[in-house]
There are 2 protein chains.
Amino acid sequence: MATLTPRSLRTRARILDAALDLFERQGYDATTVAQVAAAAGVTQMTFFRHFPTKDSVLVSDPYDPLLARAVAAQPRDLGPVERVRRGLLAALGTIEPVEDATAERRVRLVAAHPALRAAVAAATADTERAITDALVADGVPRLDAAVAAAACLGACTAALLAMPDLPDRPDPTDGGRHLGAVVTRALELLGESP
Amino acid sequence: MATLTPRSLRTRARILDAALDLFERQGYDATTVAQVAAAAGVTQMTFFRHFPTKDSVLVSDPYDPLLARAVAAQPRDLGPVERVRRGLLAALGTIEPVEDATAERRVRLVAAHPALRAAVAAATADTERAITDALVADGVPRLDAAVAAAACLGACTAALLAMPDLPDRPDPTDGGRHLGAVVTRALELLGESP
DNA sequence: CCACGAATGTTAGTGACTAACATTGTGTCG
DNA sequence: CGACACAATGTTAGTCACTAACATTCGTGG
């Protein structure tokens, strides 16, 4: 799991490539960790040293503190849902360009498999709690905070996972910007209630 | 898995009781399926015939079609989010009394364990898709429908899972009615956006 | 060239889940 | 009331994700 030295980064990349390849070719379930490891010229053990679980190759979520801060920075006189909504929209511009090239491949694989959507939910739980705690620390009742965070993050996740099913998909070369646009749309939808 | 004959119902109940007991006493992870089966006077095999997975003892979600219909029955001139919101509120009164006695024990166990929250998400996915499809069949764009369904269901789930952390817990005898109240509050929160 | 630490390999094990086939119980019908 | 038929359980053997403890190689700096 030590992702510090250049050598480590290379093997990690090899494993990721091999995994995406095999998952796309034979499906996620039909692909064993041993196969992925072999295709990457590596042992099962090494696989698990770089990715804690099989699904962690496809799912990651490193943005917690950033998002929580962006939410807390919104005006206190707004309703909790609106506050999370605007906070996420504000944070989107900051982190979006970081999206790497494999993002869209991963989204497609995850969207296709129910068990993987669950893994995404598990990963999102951390972010959810970070946002909830930030609001609670600001005087928002815990229930309200939890509901607001879950609704907004759920909306974003759903938008991402709905992408492969969408009729129009212009410019498939750069998924990153496209991903951001869809998420923005999701949060805007939450704004126009009636 | 054949839950038809009275005998089958009895063993199923025994397994469920044993599972809740052991999960509460030693924790979910520390309890193996073999232990649960033994405590229920049954084999591992039989456990899996009644519950497809270990977590399915705690997670279930049989309401899909009902909810989807309730959502579709709402006025078409509303925004998708508002439509799902009102649909769920309307359906709540219908199904709430059905909640059985173990509901609150299950909620507490699930809320305590991150991996189980993922299982809930997986179970909710079916309901989510049912609602989404109902809206799409009604002319709502797929993205909008998916976002609305995910936001509202995410809000409800978050409210349920937040319950154990709530300061006031009056009347712990009947969790069912209490559960319904919390979900209702969640959906009302989504209504007051600004 | 050698030593030192990080990265990888090896082995052995646990636990959730599955498949194929044998066995027991339970209700029904003659 | 007894036998038949079928559902429910048991048995066995296996796969796969994941973990722990210890041995080995690789790469870099002295």
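Since the model is a prediction, treat every value here as computed from it, not as a measurement. Residue numbering restarts at 1 for every chain, and letters A, B, ... go by the order of the sequence lines.
Looking only at distances, a side-chain donor or acceptor of B:Arg14 sits under 3.5 Å from a matching main-chain atom of B:Ala40. Under a 3.5 Å cut-off, the side chain of A:Arg85 and the backbone N or O of A:Leu187 do form a donor-acceptor pair. Of the possible polar contacts, one joining the A:Ser56 side chain to the A:Thr53 backbone as a donor-acceptor pair under 3.5 Å is found.
Listed in residue order, the members of residues 112-124 of chain A having a heavy atom less than 4.0 Å from DNA chain C come to none.
Of the side-chain N and O atoms in B:Thr5, none sit less than 4.0 angstrom from OP1 or OP2 of C:dG27. Contact annotation: B:His50 side-chain N/O to D:dA8 OP1/OP2 distance is not under 4.0 Å.
Between B:Arg105 and B:Asp21 there is a salt bridge, since at least one side-chain N of the basic residue sits less than 4.0 Å from a carboxylate O of the acidic one. Remark: A:Asp55 does not engage A:Arg117 in a salt bridge, criterion side-chain N to carboxylate O under 4.0 Å.
With B:Tyr28 as the aromatic partner, B:Lys54 meets the cation-pi criteria of under 6.0 angstrom to the ring centre and within 45 degrees of the ring axis.
Crowding of B:Arg129 atom CZ: a count of heavy atoms from other residues, nucleotides or ligands under 6.0 Å not exceeding 12.
Counting to the nearest Å, the C1' atom of D:dC26 and the CZ atom of A:Arg10 are 11 Å from each other. Atom pair A:Gln35:CD and D:dC18:C1' shows a separation of 17 Å (rounding to whole Å applied).
Within the 4.5 Å cutoff, no side-chain heavy atoms of B:Val42 are placed close to those of B:His50.
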Per-nt protein contacts along nucleotides 9-24 of chain C (heavy atom under 4.0 Å; B base, S backbone sugar-phosphate only, - none) come out as BB-----SBBB-----

